[in-house]
Amino acid sequence: MAKTSFIALMIGIQALLTFIAYVTTSAIGNIPTLRDNADKFRFSPTRLLALMGNMPAIIQFIMAYILIDAIVYAKRAEHLAPFWIVAVAILVIGGAITLFYGLPIALKGYKAIMSVEEKKKE
């Protein structure tokens with residue numbers, strides 16, 4: 001495959017994943033029931049949607065590294081850092097960010113479920 005075609009393919013895949021994530025979160029966020037009652041939720045639905053919509057970015061960063069590594073290898077015949085090290089680093093950082101933003105959402109949801117269960121018992 002030609003270098004130009006390979007680069008165009010890799011950038012196209014990343015752009016497609018970004019577009020799918022944006023369309024999905026926008027469509028879900030615009031559901032009338034969710035949009036009109038956002039203040040009635042015990043957690044922020046928009047924050048949850050933003051978190052879910054940006055998860056494909058972890059894959060995109062790994063793909064971007066592969067693209068850069070392929071270009072460097074084609075020019076200098078040597079690889080950058082080993083792929084597995086970069087992939088693990090990106091996954092750990094992405095997991096930490098997901099945990100940082102997702103844990104408060106999960107805790108609020110858990111508290112809401114538990115308060116409903118306590119009301120059912122009474």
Side-chain angles (χ1 to χ4, degrees):
M1 180 182 281
K3 290 179 192 175
T4 307
S5 300
F6 178 74
I7 292 169
L9 177 66
M10 293 298 285
I11 291 172
I13 290 170
Q14 291 181 11
L16 179 65
L17 287 172
T18 303
F19 179 73
I20 290 171
Y22 173 76
V23 168
T24 302
T25 55
S26 294
I28 293 171
N30 285 325
I31 293 173
T33 304
L34 182 66
R35 185 186 61 228
D36 297 340
N37 298 309
D39 57 334
K40 295 178 184 173
F41 287 94
R42 294 198 170 121
F43 60 90
S44 173
T46 54
R47 188 171 178 175
L48 178 63
L49 289 172
L51 176 67
M52 291 170 30
N54 288 311
M55 283 184 176
I58 295 170
I59 299 166
Q60 291 172 347
F61 281 124
I62 293 173
M63 289 174 50
Y65 173 76
I66 293 170
L67 175 63
I68 292 168
D69 186 52
I71 293 168
V72 168
Y73 186 78
K75 290 196 175 252
R76 295 191 276 160
E78 60 185 48
H79 289 284
L80 298 172
F83 171 70
W84 71 271
I85 293 173
V86 175
V88 168
I90 291 171
L91 290 171
V92 166
I93 292 168
I97 292 171
T98 302
L99 186 63
F100 178 75
Y101 284 104
L103 191 59
I105 296 169
L107 290 175
K108 286 182 182 178
Y110 177 75
K111 288 177 184 175
I113 290 170
M114 294 310 290
S115 68
V116 169
E117 290 294 324
E118 287 177 10
K119 288 180 183 176
K120 284 183 181 179
K121 288 179 182 177
E122 293 176 0

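Connection of Val88 to Ile93 is not established within any shared hydrophobic cluster, with ILVMFWY side chains joined at heavy-atom distances below 4.5 Å, either directly or through further cluster members. Residues Ile13 and Ile90 share a single hydrophobic cluster, defined by chaining ILVMFWY side chains whose heavy atoms lie under 4.5 Å apart. By the criterion of side-chain heavy atoms lying less than 4.5 angstrom apart, applied directly or through intervening Ile, Leu, Val, Met, Phe, Trp or Tyr residues, Leu107 is grouped together with Leu99 in one hydrophobic cluster. Tracing side-chain contacts under 4.5 Å through hydrophobic residues (I, L, V, M, F, W, Y), one reaches Ile68 starting from Ile59; they form part of the same cluster. Met63 and Leu9 fall within the same hydrophobic cluster, defined by Ile, Leu, Val, Met, Phe, Trp and Tyr side-chain heavy atoms under 4.5 Å apart, directly or through other members.
Checking Leu67, Ile62, Asp69 one by one against Tyr65, the side-chain contact (heavy atoms from CB on, under 4.5 Å) holds for a single residue, Asp69. When each of Val86, Ile85, Leu80 is checked for a side-chain contact (heavy atoms from CB on, under 4.5 Å) with Pro82, only Ile85 meets the rule.
What you find for Ile58 and Gly94 is that their closest heavy atoms are CD1-CA, 3.8 Å. For the residue pair Val72 and Glu78, the shortest heavy atom distance occurs at CG1-O, 3.6 Å.
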